[in-house]
Every structure is written in C-alpha cells, then in structure tokens.
There are 2 protein chains.
Amino acid sequence: MTETKKDNTEEKILNAAQNVFIKKGMDGARMQEIADEAGINKALLHYYFRTKEKLFDAIFKKVFSKILPNLMDMVYSDLPIEKKLGIFVESYIDLLMKNPFLPTFVLKEMNRNPEFLAKIIKGTGIQPDKIFAMFKKEMEAGRIRKMDPRDLLVNILGLSIFPIAARPLMTIMFFENDKEAYKTFIERRKKTITEFILHSILIK
Amino acid sequence: MTETKKDNTEEKILNAAQNVFIKKGMDGARMQEIADEAGINKALLHYYFRTKEKLFDAIFKKVFSKILPNLMDMVYSDLPIEKKLGIFVESYIDLLMKNPFLPTFVLKEMNRNPEFLAKIIKGTGIQPDKIFAMFKKEMEAGRIRKMDPRDLLVNILGLSIFPIAARPLMTIMFFENDKEAYKTFIERRKKTITEFILHSILIK
DNA sequence: GTCTATATGGCGATAGAC
DNA sequence: GTCTATCGCCATATAGAC
C-alpha cells in the first residue's frame with residue numbers, strides 16, 4: 001500500500017513537472033507551480049527529487065526520448081524508401097502536434113548541459129550510423145541520388161520540426177492569427193513534406 | 001558631452017543585454033550579469049530601461065529584425081529563381097553562423113508575448129504576400145512545380161535554421177563532438193540546401 | 001510519506017548622495 | 001548621469017511534527 005502510494009505520487013509529480021517544464025523551461029518553471037499541478041506541496045517535491053535540477057534532468061531525459069522516436073523503425077522495416085519516409089513523417093508530425101511545446105523545449109534546453117545530452121542520446125538506442133547506412137544502400141542501388149546522408153536526415157527532421165517550433169510566428173505571418181488554419185496547414189504537410197523530399201531525392 | 005556619454009552607455013547596455021539575453025533567455029538572464037558585462041552597475045541599468053521587461057523587449061525587437069533579413073531582397077531582385085535562392089540561403093547561413101544562439105533565442109521567446117511578436121513583424125517590412133506572389137509567378141510560368149507557396153517558404157527557412165538551432169545535438173550525434181567537423185558540414189550546406197530544394201521544385 | 005513552518009539566499013527595483 | 005546601500009519579495013531548500 002505504501003508502495004502504491006509512492007508510485008502514484010511519483011507519477012503525479014513527473015506528469016506535473018513535465019507539463020510545467022515543457023511550457024516554462026528550467027529557468028521559468030517554479031517548484032510551487034509543479035507542486036500545485038501535482039496536488040501536493042513543495043516539501044514533498046523535494047522529498048522525491050532532492051533538487052529542482054534533478055527533477056528537471058529526469059523530465060528532460062523522459063521528454064527527449066520521445067522526440068527522437070521510431071527513428072530506428074524507419075531503418076529496420078524493409079518497406080521501400082518512399083513508404084518508410086511517408087510513415088515516419090506522418091507519425092512524427094502527429095507526435096509533435098500532440099506535444100507542440102516539445103520541440104522548442106528540447107531546443108531550448110539542449111545547450112544547458114551537453115555532457116548530459118550526450119549520455120541521453122546513447123541511452124535512446126538511436127544509432128545514426130545505421131540510418132546513414134540505410135540511406136547509402138538506397139543511393140548505391142540507384143534509387144535515390146547520391147548525397148551526404150547526414151544532410152538527408154537533417155533535412156527530414158528540419159522540415160518536420162521547424163514549422164511546429166515556429167508555430168507562433170507562422171500563425172501570425174501566414175494565417176492572420178487563425179489557429180485552425182495553421183493546424184490544417186500542418187495536417188497537410190504530413191504529405192507535402194514527403195512529396196517535397198521524394199521529388200528531390202528519387203531517381204526516376 | 002553629456003549626450004555622448006549617454007549614447008555610449010546606452011549602446012554598451014544594449015550590446016551587453018543582447019549577449020546575455022541571447023544566451024540565457026528572459027528568465028535565465030540576470031540584470032547583474034548584464035550590468036557587469038556593460039561595465040556599469042544595476043542601478044544605472046534601471047535608470048536607462050526602467051524594468052527588465054522593457055530592456056528585454058528592446059533586445060528582442062532588435063534581434064528579431066536580424067533573423068528575418070534580406071528576405072524581401074529575394075523578392076525584388078530580378079535574378080532567376082535559382083540564383084535568388086542560392087544567394088539568400090548562403091547569406092542567411094552566414095548570418096546564423098555568426099550568431100549561432102540567435103535561432104534558439106527567437107524560437108524560445110516567441111511564445112512569450114504573441115501580440116508583441118505580431119507588432120514587430122509588421123515593423124520589419126516583411127510582406128509574406130509579396131514572397132508568395134513571387135513563388136506563384138514562377139509556378140505559373142512553369143519554371144517550378146505547383147505547390148503551396150507557404151510550404152516552400154517554410155521549407156527554405158526550416159532547412160536553413162534547424163541545423164543551426166540543433167547544433168549541440170548534431171555535434172554529438174553526427175560528429176562525435178568535433179566542432180570543426182560540424183562547422184565544415186554547415187559550410188557545405190550553403191550549397192546542398194539550395195541543391196536539395198531546386199531538385200525538388202525545378203521543372204526540367 | 002506527507003504536511004506546516006521557516007531558513008537562506010538571490011533578484012528586481014528604488015532611495016538618495018554626489 | 002552614475003554610484004552605494006538597501007528594501008521587499010519570491011524561490012529553493014530544509015526542519016521537524018504527525
């Protein structure tokens with residue numbers, strides 16, 4: 001029973017902390033606000049995670065593991081590259097739209113502690129080399145044109161992530177503050193991103 | 001003489017504040033640190049800019065006007081689209097590499113005050129409509145394939161900005177922390193971004 | 001494990017002399 | 001216009017009862 005209580009509280013804290021940290025960042029977040037959102041008090045927060053820093057690190061790790069997801073699925077599936085890319089982009093945009101503050105949060109806090117970031121990356125199980133190898137194979141088979149595979153990966157990520165991170169700017173500049181119009185636009189991008197990339201790399 | 005003094009101090013403050021705010025953001029920045037970097041004391045800071053908020057707004061406005069630069073040059077020049085794009089990407093990457101914290105700073109603080117952001121955008125003289133019209137003209141002339149011009153603009157910006165904003169991630173993931181290798185990579189991207197886009201949009 | 005109360009330090013901002 | 005000194009608040013963190 002005590003165990004259960006503990007697990008419940010810890011989970012509540014983690015959820016609350018994630019909400020607050022993602023919106024406000026490490027510096028902007030307040031332990032009081034996290035406590036409120038978790039329905040407990042500050043003292044208990046410090047009982048579970050001794051410092052704000054430790055709590056933040058736990059959240060960053062959790063969140064970061066989300067932002068570079070099924071990237072490896074793209075590698076191990078044996079679908080044709082067009083399908084792989086389509087599925088990845090679509091599910092990735094879905095994920096980002098459900099967590100629209102996530103990209104900015106990660107970009108924002110990325111500079112804070114590079115060593116910690118490096119450690120997390122190892123832990124995600126993502127192996128860039130495998131992704132690059134997959135791209136290279138496609139190039140050597142003559143299905144896509146030759147280019148630096150790192151460029152290709154960065155392009156896929158940039159085309160997907162940037163429009164979500166720059167949401168406020170885009171909503172104002174392109175859609176006169178119409179948030180639904182922005183959403184529709186991103187929804188359509190699920191397809192147009194893939195088209196844009198394939199037009200660029202496919203050898204007909 | 002007093003005037004000169006004032007101008008000097010104000011300029012020193014603005015420079016210092018820009019450095020600190022860009023690296024630490026609104027929440028992370030400290031008035032004390034800005035004062036130190038400007039070689040003055042806190043009180044004087046408040047004498048020039050009454051509050052931290054006002055100082056920040058001044059800096060954000062200044063910095064934001066940098067990040068969406070010569071975008072309009074791309075429109076008014078009558079070079080062929082290939083050249084326009086090449087020149088824009090190259091000069092834009094140059095700008096970002098000289099101010100590598102700038103993209104994250106803008107993305108980070110973009111959510112803080114959307115109305116203020118909207119006001120600044122008006123002030124930059126950037127008219128998305130003109131850019132879109134230019135793209136549409138190229139499409140109707142059959143030089144580039146038909147697509148949503150907003151997609152095209154976002155793609156250009158995302159491909160250019162994302163790799164700079166995600167620098168720590170990329171340096172670790174792709175270059176085993178070799179910062180020079182990262183720089184070389186970005187340097188090469190000046191050309192590969194344009195190639196990537198042109199391959200996608202040009203009608204041969 | 002969870003709470004109330006409090007210590008401790010830091011930060012934005014102001015008062016007031018020069 | 002520039003400085004020193006200080007106020008007042010708020011945030012992290014701890015002490016100690018239950």
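Proteins get letters first, then strands, A, B, ... in listed order; numbering begins at 1 in each.
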Next on the checklist: I want to check one thing: is the phosphate of dG1(C), taken as OP1 and OP2, less than 4.0 Å away from some side-chain N or O of Thr9(A)?
Outcome noted: no
Next on the checklist: Tell me the interatomic distance from Leu45(A), atom CG, to dA15(D), atom P, rounded to whole angstroms.
Outcome noted: 17 Å
Checklist entry - Taking Asp57(A) as the fixed residue, which of Arg50(A), Arg112(A), Lys62(A) is the one that meets the salt bridge (Lys or Arg N to Asp or Glu O under 4.0 Å) rule? => result Arg112(A)
Checklist entry - Distance under 6.0 Å and angle within 45° of the ring axis: does Arg167(B) meet both against Phe101(B)? => result yes
Checklist entry - Between Asp27(A) and Lys24(B), is there a salt bridge with N-O shorter than 4.0 Å? => result no
Item to check | Rounded distance (Å) that lies between atom C1' of dA13(D) and atom CD1 of Ile34(A) | outcome: 14 Å
Item to check | Exercise: do Arg189(A) and Ser160(A) side chains pair donor with acceptor under 3.5 Å | outcome: no
Next on the checklist: Rounded to whole Å, please give me the gap between CD1 in Ile13(A) and C1' in dG1(C).
Outcome noted: 11 Å
Next on the checklist: For a quick check, with a 4.0 angstrom heavy-atom cut-off, what is the B/S/- contact string for nucleotides 4-18 of chain C, read 5' to 3'?
Outcome noted: B------SBBBB---
Next on the checklist: Whole angstroms only, please: what is the CG-P distance between Asp36(A) and dT12(D)?
Outcome noted: 12 Å
Next on the checklist: Quick check against the 3.5 Å criterion: does Lys52(A) have a side-chain atom that pairs as donor or acceptor with the backbone of His46(A)?
Outcome noted: no
Next on the checklist: Using only atom types and a distance under 3.5 Å, with no angle test, would you say the side chain of Lys84(A) pairs donor to acceptor with the backbone of Ser77(A)?
Outcome noted: yes
